[in-house]
Undergrad: 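Dumping the structure here so I can ask a few things about it.
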Amino acid sequence: MKRVYLDNVATTSILPEVLEEMLPYLKDAYGNPQSLHEWGDAAREALDDARSKVAALIGAQPEEIIFTGSGTEANNLAIKGLAQARESQGKHIVISAIEHYSVLHTAKTLEKWGFEVTHLPVDKYGLVDPKEAAKSIRDDTVLVSIMHANSEVGTIQPITEIANVVKRNGAVFHTDAVATAGTIPVDVNELGVDALSFAPNQFYGPKGVGALWLKKGVRVIPFLDGGVQEGGRRAGTENVPAIVGMGKAAELATEEMESRMVHLSAIRDKLIGELPSRIEHAILTGHPTQRLPGNASFCIEFIEGESMLMLLSQQGIAVSSGSACTSRALKASHVLTAMGLPPEIAQGSLLFSLGLENTEDDIDYVLAELPPIVDRLRQMSPLYSKFLKGQQGGS
Amino acid sequence: MPIYSDTVMDHFTNPRNVGEIEDADGIGEEGNPVCGDMMTFYIKVDNNHLSDVKFKTFGCGAAIAVSSIVSEMAMGKTIEEARKITPALVAKELEGLPKNKFHCSNLGAQALNKAIDDYLKKQGK
């Protein structure tokens with residue numbers, strides 16, 4: 001059976017060149033970068049090299065990169081650490097309503113610590129309005145965190161505009177760029193942010209590593225106490241193989257970004273263009289043009305995401321969904337509901353996140369396999385029969 | 001490891017008794033699309049026996065499997081016997097349901113009961 005992986009939002013594959021680069025550091029080059037001997041020197045050199053490559057991906061200086069254990073940890077360090085470092089100036093932070101859980105839940109923790117959190121609304125495309133952002137900022141606002149792009153619906157935010165607003169008001173600005181860094185051009189100077197999180201398992205590198213870029217001079221309070229690793233801002237022996245992998249993945253992403261974007265947007269546009277003509281009542285979610293090159297997200301009306309996902313999986317197609325039943329928490333996606341989609345429509349969420357390995361053939365396969373699955377589930381759906389009866393009644 | 005048992009997968013992939021009964025003697029609806037699952041059961045009653053049971057379900061894999069197995073468990077039973085089908089029994093017949101799916105998806109027995117209530121009400125009982 002054909003196998004088609006369209007769940008790159010969960011994680012991408014690891015490119016063979018990345019794996020090759022990592023292997024020596026899992027074998028003979030096992031030294032600790034903090035050690036002052038040959039073994040340590042080799043590991044330290046590898047770490048420095050990776051740091052330069054990772055910094056180059058986002059137009060930053062190597063010493064501004066703090067390696068972490070994941071994008072989630074980078075977001076935690078940014079939100080908790082930046083807010084705590086500014087506690088004496090104020091206890092108000094601003095985030096958007098569609099942030100990743102590693103920002104949303106971290107903000108909840110800050111509430112327990114006595115901070116006040118404003119959640120900025122988004123429009124039907126998932127966009128934050130920079131004017132709303134400006135209005136939300138108060139004298140005691142110390143931190144604003146708005147994600148660069150949302151991986152669930154693909155919408156890319158006008159970060160530069162929002163950053164200008166934030167800067168004028170003296171708060172620090174963090175962006176979660178896990179969905180964008182390594183995928184689309186990200187330049188910290190152009191964006192005008194103070195801190196930025198990213199992770200290589202979104203750009204063909206390994207899991208178990210991420211990074212926080214922190215502009216020189218911006219203070220953060222670390223939450224791991226220990227040694228002097230990462231300038232004392234993230235204690236713990238460095239995960240050298242994973243960091244080396246992140247370095248290689250960043251280097252390849254920098255080199256190949258343009259061709260990757262061309263490829264991804266071509267197959268994405270094919271899927272977005274053809275799916276609605278094969279399936280009635282399929283709604284594209286997210287912004288029609290300001291969106292991630294690999295993201296094709298839909299809500300298929302009258303049926304539920306998990307059942308579609310399972311039937312697609314039986315045909316070898318791997319996708320994800322933001323439906324309540326798919327989530328362990330059994331809540332419909334907060335992103336879709338914040339965009340104003342009614343819960344019963346959000347239940348039909350289906351997310352295709354495309355990757356480098358995908359071909360036009362893969363898209364044709366999905367376009368052939370999905371319609372009968374949708375038909376089958378609609379034949380079973382009481383909502384669909386109600387809809388059909390309503391139509392008959394109306395005519 | 002897959003999250004669902006083989007029996008759940010079987011009933012999800014090949015659901016039994018999907019559909020509506022035009023001249024149903026009783027109809028029962030349970031759940032709502034907001035929380036994720038919604039089931040409608042249709043029954044025909046002959047001589048106090050469920051001579052036909054059909055369903056329509058909006059929901060996840062578990063919800064579809066639950067509806068299918070409930071329809072099978074209820075088919076041909078007397079009303080009293082069908083009343084004894086409980087969510088726990090349904091989960092057991094399915095060789096277990098994931099913990100977080102037990103309550104929200106396991107609405108089949110309630111929907112069937114509502115269909116029986118509807119039938120009895122129409123009978124003036």
Side-chain angles (χ1 to χ4, degrees), chain A residues 281 299-316 318-334 336-337 340-350 369 372-390 392, chain B residues 1-6 8-22 24 27-42 54-68 70-71 97-108 111 114-115:
Chain A
H281 308 289
C299 283
I300 313 290
E301 286 188 69
F302 315 117
I303 52 179
E304 187 278 330
E306 191 206 72
S307 47
M308 273 187 278
L309 189 155
M310 286 170 64
L311 290 174
L312 281 169
S313 175
Q314 291 182 356
Q315 302 307 318
V319 298
S320 54
S321 165
S323 87
C325 307
T326 321
S327 79
R328 299 267 155 134
L330 301 177
K331 271 190 196 159
S333 153
H334 65 283
L336 298 174
T337 43
L341 281 161
E344 69 271 21
I345 291 183
Q347 300 297 6
S349 149
L350 201 58
E369 294 298 327
I373 288 174
V374 170
D375 273 349
R376 186 169 150 186
L377 290 171
R378 280 185 177 161
Q379 290 314 314
M380 241 185 265
S381 163
L383 294 183
Y384 191 57
S385 37
K386 275 184 190 170
F387 166 76
L388 291 180
K389 277 173 198 154
Q392 280 167 2
Chain B
M1 208 187 87
I3 64 161
Y4 291 131
S5 72
D6 289 347
V8 171
M9 286 309 292
D10 175 37
H11 278 269
F12 166 67
T13 311
N14 306 296
R16 285 60 144 175
N17 308 310
V18 174
E20 295 174 21
I21 301 174
E22 285 291 329
I27 301 176
E29 194 176 287
E30 185 67 27
N32 65 71
V34 174
C35 66
D37 296 309
M38 179 178 153
M39 301 172 187
T40 312
F41 267 80
Y42 301 83
K54 287 206 179 328
F55 74 90
K56 284 221 164 169
T57 290
F58 167 91
C60 64
I64 290 169
V66 161
S67 313
S68 169
V70 166
S71 73
L97 279 171
K99 236 185 208 159
N100 63 344
K101 299 272 180 180
F102 190 90
H103 291 289
C104 70
S105 312
N106 201 348
L107 303 170
K114 281 193 175 174

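In what follows, chains are A, B, ... by sequence order, proteins preceding strands, each numbered from 1.
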Undergrad: Quick one: what part of A:Q314 sits under 4.5 Å from any heavy atom of chain B, side chain, backbone, both or neither?
TA: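 Answer is side chain: those atoms of A:Q314 sit under 4.5 Å from chain B.
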Undergrad: More than 12 heavy atoms of other residues, nucleotides or ligands under 6.0 Å from CG of B:N14: yes or no?
TA: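 Atom CG in B:N14 is packed in, count exceeds 12.
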Undergrad: Taking B:K56 for its side chain and A:L383 for its backbone only, find out whether a donor-acceptor pair lies under 3.5 Å.
TA: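 Not confirmed, B:K56 side chain does not pair with A:L383 backbone.
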Undergrad: Please look at A:I345 and chain B and tell me whether the side chain, the backbone, both or neither of the residue comes under 4.5 angstrom of a heavy atom of that chain.
TA: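 Interface part for A:I345: neither.
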Undergrad: Under a 4.5 Å heavy-atom cut-off, does chain A meet the side chain of B:Y4, its backbone, both or neither?
TA: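 Answer is side chain: those atoms of B:Y4 sit under 4.5 Å from chain A.
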Undergrad: Checking A:E304 side chain against B:F58 main chain: does a donor-acceptor pair fall under 3.5 Å?
TA: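 The answer is no, because no donor-acceptor pair under 3.5 Å joins these two groups.
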Undergrad: Within the 4.5 Å heavy-atom criterion, are B:P15 and A:M380 side-chain neighbours or not?
TA: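 Yes, close enough: below the 4.5 Å cut-off.
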Undergrad: May I ask you to name which of A:A346, A:P382, A:P342, A:P343 has the most heavy-atom pairs under 4.5 Å with chain B?
TA: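 Most pairs with chain B among the choices: A:P382.
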Undergrad: Which bit of B:S67 comes within less than 4.5 Å of chain A, counting heavy atoms only: side chain, backbone, both or neither?
TA: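 It is neither, since no heavy atom gets under 4.5 Å.
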Undergrad: With a 4.5 Å cut-off on side-chain heavy atoms, are A:Q347 and B:M38 touching?
TA: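 The answer is no, as the side chains (C-beta and beyond) never meet within the 4.5 Å cut-off.
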Undergrad: If I measure from the heavy atoms of chain B, does A:F302 come under 4.5 Å with its side chain, its backbone, both, or neither?
TA: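 A:F302 touches chain B through backbone heavy atoms alone.
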Undergrad: Can you measure from CD1 (B:I64) to CE (A:M310) and round to the nearest 0.5 angstrom?
TA: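 It comes to 8.0 Å.
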Undergrad: Could you tell me which non-hydrogen atom of A:S307 sits nearest to which non-hydrogen atom of B:G61, and how far apart they are?
TA: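 For A:S307 versus B:G61, the nearest heavy atoms are CB-N, 4.3 Å.
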